[in-house]
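The structure under discussion appears below in the form of structure tokens.
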Amino acid sequence: MKSALIWTIQIILIPVLSPLFTGIIRKIKAGFQNRVGAKITQPYYDFWKLFQKDEVISQDASWVFKFAPYIIFAVTIMIGASVPLFTSIFSFNLLSDLLVVVYLIALATFFLALAGMDVGSPFGGFASSREMTMAALTEGGLISSLLALALAAHSTNLFSMVHSASSLSIISFPPVLLAFFAFLIAMLSETAHFPFDNPATHLELTMIHEAMILEYSGKRLALMEWAAANKFLIFLALGVNMFFPWGLTASSESTAILTALFLFLLKVLILCLLVAVLESSMAKFRFFRLPDLLLMSFILSVIAIILMI
Amino acid sequence: MAALAVLSLFFGLFSGTVAHLLSEVVHSLPVFNSTEAAFTANASLFKFNDNFASVSLPLIFVSLVSVTAAVFFLVHILTKSRKVRLGCTWDCGTHLTPRMEITATGFSRSIITVFRGILQPTQQYQIEYMDAEIRYFTKANRVRLEIKDMYSSYFYSPMQDLVAKISEYVKQIQGGNINIYVLYIFMILIALLLLVI
């Protein structure tokens, strides 16, 4: 019974909390811009509003456009249920593999790019092209940063990696920090944040993520936006739990679970603050300068791997 | 294209079975009889022997299909009364034509620009003017984009050059002149004689 309850929390935690963290980022950014900003719960109201609305779909849309939001949202739910969040009870999960998680993220990106091109809008097409370029360049840094931990753990299972990283001594921690910085760069690229993309922009020529979902409205737009929020929280969770792996519980006691949940939220909030500060303190890079940053992420990961071996 | 996509999906889903069949074939060869396979594969699981990684592609597929179906039906039930209207693709105030759609060239343009050092793309412009003297109003533009065949220029061509060079060298030794061959035999006999002494 208890384990069913913990399993349910594990599955719903990402979709339930993800809009909140999007709201927190927006609130902090508003603070930096001397604005009051909307409430941190505003994304919940936005999603609710979108689910209530009727839809306008392009007459040129095929089944790819219509089904992509469901597939992308489902992928984020699957990943959210597979990654280490607050408990290590479900370490036997076959989906909790580093490569499975990374390529499920790639699958969602693939469908997002297909949906962007499907209706034949030039903006959607160019955004898909940019997104696939970024995704191809980010993958190396993302996999290598996590591979540093996988090599230390001799396993690509995310839970084994967390367990191994938590038993590392202080001396072996600098490579983990290097890998974390590489992961942070890859995370900003994957989740469409500064300096890679502007999640709040409405200027078509600079958009990547937003231009791909330009044709969506109503419930499908809500699913797309919600999936993007889920993806952001998944990356935050991976960032804090893989590189700073303290606080996960192996016990199914209520107190231990609540403490682990509190610690998880605290860690994610700190990383969220870091992302918001980064977003507010730098400008968006030119598109063709971004590969340099992603190459830096890859080089940092390779150094981390060499130091780990 | 569709056949290739279906094939890749098939080999992805049944990679365990395919790998299992291939490893059985390899194992039956006398050379690899004593070697232990690095992984174990069956229809449902692909696993490295030292527990480094394991993946179950049918499980991923079934999970993806079932979660997508669950999301679809849940959203469908919750938003049953919402209407769906067909409209035009957003055209920014102009009339969209097929020429405005992104092409494969346009799609791959950014990644080619990023890797221009390796791919070395070339552009050629040909402009036809309304009046060749004034050269202000253009009548027609022709752009030719080209990318070097990487495998040809970095792998096959150098290999071909190397083989040609070696052949040239061999040709000098093996010229078809019988007198030279007799000279070689004579020189080797002298060398052998010196070696024996």
Side-chain angles (χ1 to χ4, degrees), chain A residues 51-61 66-67 69-71 73-75 77-78 81-82 94-95 97-100 103-104 107 113 117 119-126 128-130 132-134 136-137 150 153-157 160 204 214-215 217-220 222-223 287-288 290-291, chain B residues 12 44-48 50-76 78-92 94 96-116:
Chain A
F51 274 117
Q52 302 295 315
K53 283 191 170 233
D54 289 344
E55 263 183 289
V56 183
I57 289 183
S58 165
Q59 57 204 9
D60 305 316
K66 288 171 192 160
F67 279 95
Y70 299 104
I71 297 170
F73 188 77
V75 165
I77 297 289
M78 267 174 74
S82 314
L94 270 174
L95 297 176
D97 191 89
L98 157 67
L99 294 175
V100 172
Y103 285 102
L104 277 176
L107 182 77
M117 283 191 293
V119 289
S121 154
F123 284 118
F126 277 106
S128 297
S129 161
R130 290 172 191 167
M132 289 316 282
T133 306
M134 295 315 304
L137 297 173
H154 298 291
S155 169
T156 53
N157 182 288
S160 306
E204 297 85 0
L214 202 70
E215 288 294 324
S217 57
K219 62 184 178 198
R220 286 186 173 83
L223 280 176
F287 184 73
F288 288 111
L290 296 176
Chain B
S44 58
L45 192 67
F46 204 100
K47 191 178 176 185
F48 276 86
D50 56 353
N51 275 334
F52 184 72
S54 52
V55 63
S56 170
L57 286 152
L59 177 78
I60 295 171
F61 184 71
V62 170
S63 313
L64 186 64
V65 170
S66 37
V67 177
T68 308
V71 170
F72 180 79
F73 286 112
L74 212 65
V75 172
H76 182 72
L78 288 174
T79 59
K80 230 179 349 193
S81 56
R82 313 289 173 268
K83 289 187 194 82
V84 177
R85 195 158 50 83
L86 285 183
C88 294
T89 302
W90 182 67
D91 54 9
C92 199
T94 58
L96 278 184
T97 65
R99 273 181 66 84
M100 295 174 186
E101 209 174 331
I102 189 159
T103 58
T105 316
F107 192 82
S108 55
R109 191 88 187 117
S110 6
I111 198 121
I112 290 170
T113 312
V114 171
F115 291 108
R116 62 184 175 277

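Order of the sequence lines fixes the chain letters, A, B, ..., with proteins taken first and strands second; residue numbering starts at 1 for each chain. The structure displayed is predicted, hence computed values, not measured ones.
In terms of modelled atom types and a separation under 3.5 Å, the side chain of A:S58 and the main chain of B:W90 share no donor-acceptor contact.
Note: A:S128 leads A:S128, A:A136, A:G124, A:A153 in heavy-atom pairs under 4.5 Å with chain B. Across B:D91, B:I111, B:T89, the residue that shares the most heavy-atom pairs under 4.5 angstrom with chain A is B:T89. Highest contact tally toward chain B, considering only A:N157, A:T133, A:L290, is held by A:T133 [criterion: heavy-atom pairs under 4.5 Å]. Interface summary for chain A: among B:T103, B:V55, B:L59, B:V75, the most heavy-atom pairs under 4.5 angstrom belong to B:V75.
For A:T156 against B:A53, the heavy-atom pair with the smallest separation is OG1-CB, 3.0 Å. The two atoms that bring A:F51 and B:R82 nearest to each other are O-NE, 2.8 Å, heavy atoms only. Nearest heavy-atom pair across B:T68 and A:A74 is OG1-CB, 3.4 Å. Residues B:K83 and A:D54 approach most closely at N-OD1, 2.9 Å, considering heavy atoms.
Residue contact with chain B, scored on non-hydrogen atoms closer than 4.5 Å, involves the side chain of A:P291 exclusively. Using a 4.5 Å cut-off between heavy atoms, A:A61 makes no contact with chain B at all. Interface remark: A:L107 contributes side-chain atoms only to the contact with chain B (heavy atom separation under 4.5 Å). Residue contact with chain B, scored on non-hydrogen atoms closer than 4.5 Å, involves the backbone and the side chain of A:I57 alike. Neither the backbone nor the side chain of A:L98 comes within less than 4.5 Å of any heavy atom in chain B. Interface residue A:M132: only side-chain heavy atoms are found under 4.5 Å from chain B. A:V100 touches chain B through its side chain: at least one heavy atom from C-beta onward sits under 4.5 Å away, while N, CA, C and O do not. Heavy atoms closer than 4.5 Å to chain B are found in both the backbone and the side chain of A:Q59. Of the atoms belonging to B:F115, it is side-chain heavy atoms, and not backbone ones, that fall under 4.5 Å from chain A. Using a 4.5 Å cut-off between heavy atoms, B:L96 contacts chain A through its side chain alone, with no backbone atom that close. The part of B:L45 that comes within reach of chain A is its side chain, from C-beta onward, which places non-hydrogen atoms under 4.5 angstrom from that chain. Using a 4.5 Å cut-off between heavy atoms, A:S160 makes no contact with chain B at all. Using a 4.5 Å cut-off between heavy atoms, A:L223 contacts chain B through its side chain alone, with no backbone atom that close.
Separation of the A:F126 and B:F107 ring centroids does not fall under the 6.0 Å cut-off.
The line from CG of A:L94 to OG of B:S63 is 9.5 Å long, rounded to the nearest 0.5 Å. Atom CZ of A:F123 sits about 11.5 Å away from atom CD1 of B:I102, to the nearest 0.5 Å. Atoms CG and OG, from A:L95 and B:S56 in turn, are 8.0 Å apart once rounded to the nearest 0.5 Å. A distance of 6.5 Å separates CD1 in B:I60 from CE in A:M78, rounded to the nearest 0.5 Å. Of the inter-residue distances, the one linking A:K219 atom NZ with B:H76 atom NE2 reads 7.0 Å to the nearest 0.5 angstrom. Note that OG of B:S54 is 10.5 Å distant from CG of A:L99, once rounded to the nearest 0.5 Å.
Residue B:F73 qualifies as open at atom CZ: its count of foreign heavy atoms under 6.0 Å is 12 or below. Shown here is B:F48, whose CZ atom has no more than 12 heavy atoms of other residues, nucleotides or ligands within 6.0 Å.
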